Each structure stands twice: as C-alpha cells, then as structure tokens.
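Here is the naming used below: chain letters follow the sequence lines, and residue numbers restart at 1 for every chain. As the structure is a prediction and not an experimental result, all values here were calculated from the model.
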Number of protein chains: 2
Amino acid sequence: MINQNIKIAVDAIVFGYHNGIVYVLAVQQKFGKLANHWVLPGGFIRDDEPLIQGVERELQEETGVTVSYLEQLKTFGDDVARDERFRVISVAYFALVNPKNFVLKADTDAKNAKWFAIKDVPKLGYEHNEMVQLAHARLKNKLTYQPIGFDLLDQEFLFSDLENLYCSILEQDIDRRNFRKKILSFGILEETGKVVKKGSSGRPGELFSFDKEKYDQLLKDNFQFEIKFA
Amino acid sequence: MINQNIKIAVDAIVFGYHNGIVYVLAVQQKFGKLANHWVLPGGFIRDDEPLIQGVERELQEETGVTVSYLEQLKTFGDDVARDERFRVISVAYFALVNPKNFVLKADTDAKNAKWFAIKDVPKLGYEHNEMVQLAHARLKNKLTYQPIGFDLLDQEFLFSDLENLYCSILEQDIDRRNFRKKILSFGILEETGKVVKKGSSGRPGELFSFDKEKYDQLLKDNFQFEIKFA
DNA sequence: TCAAAAGTGTTCGATATACACCCATGC
DNA sequence: GCATGGGTGTATATCGAACACTTTTGA
C-alpha cells in the first residue's frame, strides 16, 4: 500500500479585460493560516471530480464567475512545507472571462472576491504570485498565435477594441492599418453590419464578431493564426 | 480536515533518437492489475520530494536512464476509476536523452525497460498512450522554436545529423542549403574544427557543437530561435 | 468648424523559397 | 572513375514594416 500524505488542489488564474486594463481575480481567505490574505480562487479536488470540473465548481462557489476559456497551465507542488498537516500539490488553470461575466455575482458568498488590475496584484498566499506571473506570460504569448483575445471581448466588438486589447496586453504600440489588414486577412471575423459609436463623439465604427466555426474549419486546412509586431 | 483519497504519481515520456528513428522509453510492470503490461516509467511521489526529483528518481530506478532535458508536460487525472483503491493523478513529464544515455544500463533492475520506435509503441496501460501522443506533438512543435534538437544528438555532430533529425521528427523533406543557412545564421553553433566521415565512403564532414552560453546570451537580447519549412 | 474616432493603399526592405553543381573521400 | 555524402550561391516571391490623409459624427 502506498504511504503518501499529499492533497490535491486546483487554482485558477482568471483574466478579465476592460478599457485597456487587464484584471486578475482573487479571493480573500476566511479561515486557516492565511485568513484575510488574498489568494487565487481554488480549492481541494473531490475524489470523483475531473480536475477541470473542480476548477469550475470552485470558481462558481467562491466568485460566481463563469469563464469562457479554460486550460491547464502547470502543476505546482514543490513547496513541500506549505501546510503543516500535509503537502499540497496544486494544478493551476489559466482562464479568461467575457466582459459580461466580469462582474461578480452578488448572490453568492463572493463578497471576498475582487478583481485586481494586473499591475496592482497584492502579495498572494502560497505560490500564487508565481502562478499569476506564469499565466500572464502565457496570455501575452498566446495572444500572438491563438485567437484568444476574443474571449476577453464582448461577442460583438469594434476593431478598435481588439486593437486596444492587443496594445494593452502586449504593452506596445501597434500600427492600426497593418493590424486590421492582418486580422481581416485571416477571414475569421464576421461583419455584423451594425455600427455603433464609442464615447460621445467620433465616427461610428462597425461591429465584428469572431467566427469560431470558420476558424475551426480553417484549422483543419493547416491554417495558422499568427500575428507579430515590430 | 480534508477528506480526499487521491494519490499523486509522475510519469515520463522519454524520447531518444538514433539513425532517423525516434524512440520512446517504456517499462514492463511487474505487479498489480497491469502486471506484464508496458507502461511509461514513473511512479508515486514521496511526501518530501519535489516532483521533478521524483521523475528523475523513478527513471533512475526503473530504467537507469539519465535525461538531458526535462520539463513538465501536463497533469492527467480524470480517469477517476483507474485504480480501485484510490484515484491517481499523474503529472506527466517530457524528456529527451542523449545518444550516450540511450543505452539501458544493465546494472539496474532495468531488464524490463525497452526503447520502442515511436511508430511501434504498443498499447500502454492507464492514459499513457495519450501522454505519448501529446508529448510527441510537443516534440515536433518545440523543435521549431527551441533548440532542443541538440539534446537528442551527441555533443559533437555533423550538420547532416541535425538535418536528418529535423527531417525524421517533422516527417518532411528539408532543403539542405536553406536549413544550413538558417541554423548558421543564429550563431549558436561552434565549429570544432574536427572532421569525420560517416559510413565508409563520402567526403568527411565538419563537427559542430551547440554553444549553450551563446544561446542564453542571445536570449537576453530578445533573440528568437525559429525555423519553419515549406 | 473643430475635436474625436474610423476607415483606407502604397512603397520598400527583409526574409523565405526554390533550385543544381562541385568537392573530398574510399573502394 | 564511380559511388557516397559534404559543401556552397543566386534569383524570385512573399510578407512584414513604415507611413498620412480622408470620412463621419457630435458638440
């Protein structure tokens, strides 16, 4: 019989985006050694529950947030002395939310959940700052070779929204013309025909939406989403 | 107190390369439900042992193989009913070996370890075939944007060795001239000055070695190793 | 008519691709 | 001298980078 005293947890690094700022979701712990400290949402996995389901459950319970993108990031577990009672190994997940799910639902016991601008993330418990850093790097990187930016925007968006998203996440200027040309050349955007204006002046812009079916179809044909900047 | 009956294991997908063929290391299980079945090397982690150390230990114990590259791949654990006694969650590691470590050391109890050509990997226990597939994809992919090919070659190698490695792993033809031009342009190879001839005829070729220091230095300067083929 | 945001093309340089012949060696 | 593998250069096409003015709207 295996003698092993280790517990498995999952944690989520959830990114939101609004108005040029990237946010990360954190919760304030109620009990234990780290009571009142901020940590990433997450918790121990149940015996009969797939990992990803565990993440979704914890997110729901602790924050009321539903994510639009979720993928495994990395498993952390070398901090052997993290807890006195047993070692904890934590599978970290990388997640994105839509603006419409950006708000914290008030009807859960989520009063301890909060969005922090990525620049202002406080010192978190456990190895969570390390996780945030890694996830942030993944976000920046992935943005350039997978169309995950759309998961951070409303379903219908202006080209300028997409452009600003790229600018602020990658922290660099982008040539509007080249960017538009490139993205449109992929043929994965759908013109909705609608136009709206942002703010109270300026020319109204056209709304686009991401055509996931088209994208999946292109993938089969060896299509590679990729965008680089000077 | 958390009630959780899950055990943590690590498994390694170890790739070796020789003569145009990619090999994967597997071991034959001695006990348990899967006695005599082939599985990936690995096993349960000890309470006080970092994950990566666990992988190295298990590899050493089961196969006597020392790897030259090791990175976490993915954590598998959704097969809730894999074992009747408890659920097992396994952290899979991706590894590469040098030709000089390709041989299985006879002095361990490694008589059950074996290299399988990637094309001939048998049905493995647990989710191990899935792991191999994922690792294989990672290998192919990573070869194009990180200089990991050198970890599969001898320290000193002919250009043709490197070229054949790329050909066989990526399963496509490569233009020798363009390949050489590209790789040399990175400036991460060192000319040893030595020449050797391969086989019993033909012009002798120059031996190169990978200059890791140079590469690390270039990385700081925003260098990007990247190689693509038509 | 001015301020604010949206839309749009062209030129230039860099890099990827395609492609074929000569060289050194052992037999 | 021939078979085997090693080494090399050029022309073209493609793609990324740089760059500025016009349009629509509300105030």
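At a cut-off of 3.5 angstrom, counting only N and O atoms as typed in the model, there is a donor on one side and an acceptor on the other between the side-chain of B:Lys181 and the base of D:dT10. A donor-acceptor contact under 3.5 Å is formed by the side chain of A:Arg177 with the base of D:dA20.
Distance CG (A:Leu162) to P (C:dA5): 18 Å, rounded to an integer number of Å. In this structure, A:Asn178 places its CG atom 16 Å from C1' of C:dA6, rounding to the nearest Å. Across the protein-nucleic acid pair, B:Phe229 atom CZ and D:dT14 atom P stand 20 Å apart, rounded to whole Å. Residue B:Ile183 contributes atom CD1, which lies 16 Å from atom P of D:dG6 at whole-angstrom precision. Rounding to whole angstrom units, CZ of residue A:Phe186 and P of D:dC15 are separated by 12 Å. In this structure, NZ of A:Lys197 is placed 21 Å from P of D:dT23, rounded to the nearest angstrom. Atom-to-atom, NZ of B:Lys182 to P of D:dT8 comes out at 18 Å; the value is rounded to the nearest Å. Look at CZ on B:Arg180: it is 18 Å from P on C:dA16, rounded to the nearest Å.
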Pair B:Tyr23-B:Phe102, ring pair (Phe, Tyr, Trp, His ring centres under 6.0 Å): steps then yes or no: CA-CA 9 Å; B:Tyr23 294 87; B:Phe102 191 73; 5.3 Å; yes

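Look at A:Asp216 and A:Lys220 and you find no salt bridge, because none of the NZ, NE, NH1 or NH2 atoms lies under 4.0 Å from a carboxylate O. With respect to B:Glu171 and B:Lys140, a salt bridge is recorded, a charged nitrogen being found less than 4.0 Å from a carboxylate O. A salt bridge does not link A:Glu127 to A:Lys74: none of the charged nitrogens lies less than 4.0 Å from a carboxylate oxygen.
With C:dG7, D:dG7, C:dA18 as the choices, the nucleotide that has an atom nearest any side-chain atom of B:Asp175 turns out to be C:dA18. For B:Pro204, the side-chain atoms get nearest to C:dA24 when compared with the rest of C:dA24, D:dG26, D:dA20. The side chain of A:Arg203 approaches C:dG7 more closely than any other nucleotide in the set C:dG7, D:dT8, C:dC19.
Nucleotides of DNA chain D nearest to B:Gly202 and A:Lys228 differ in position, and the one nearer the 5' end is that of B:Gly202. Position along DNA chain C of the nearest nucleotide to A:Ser201 versus B:Glu226 favours A:Ser201 as the more 5'-ward residue.
Considering CG of B:Leu143 and CG of B:Asp151, their distance stands at 10.5 Å, rounded to 0.5 Å.
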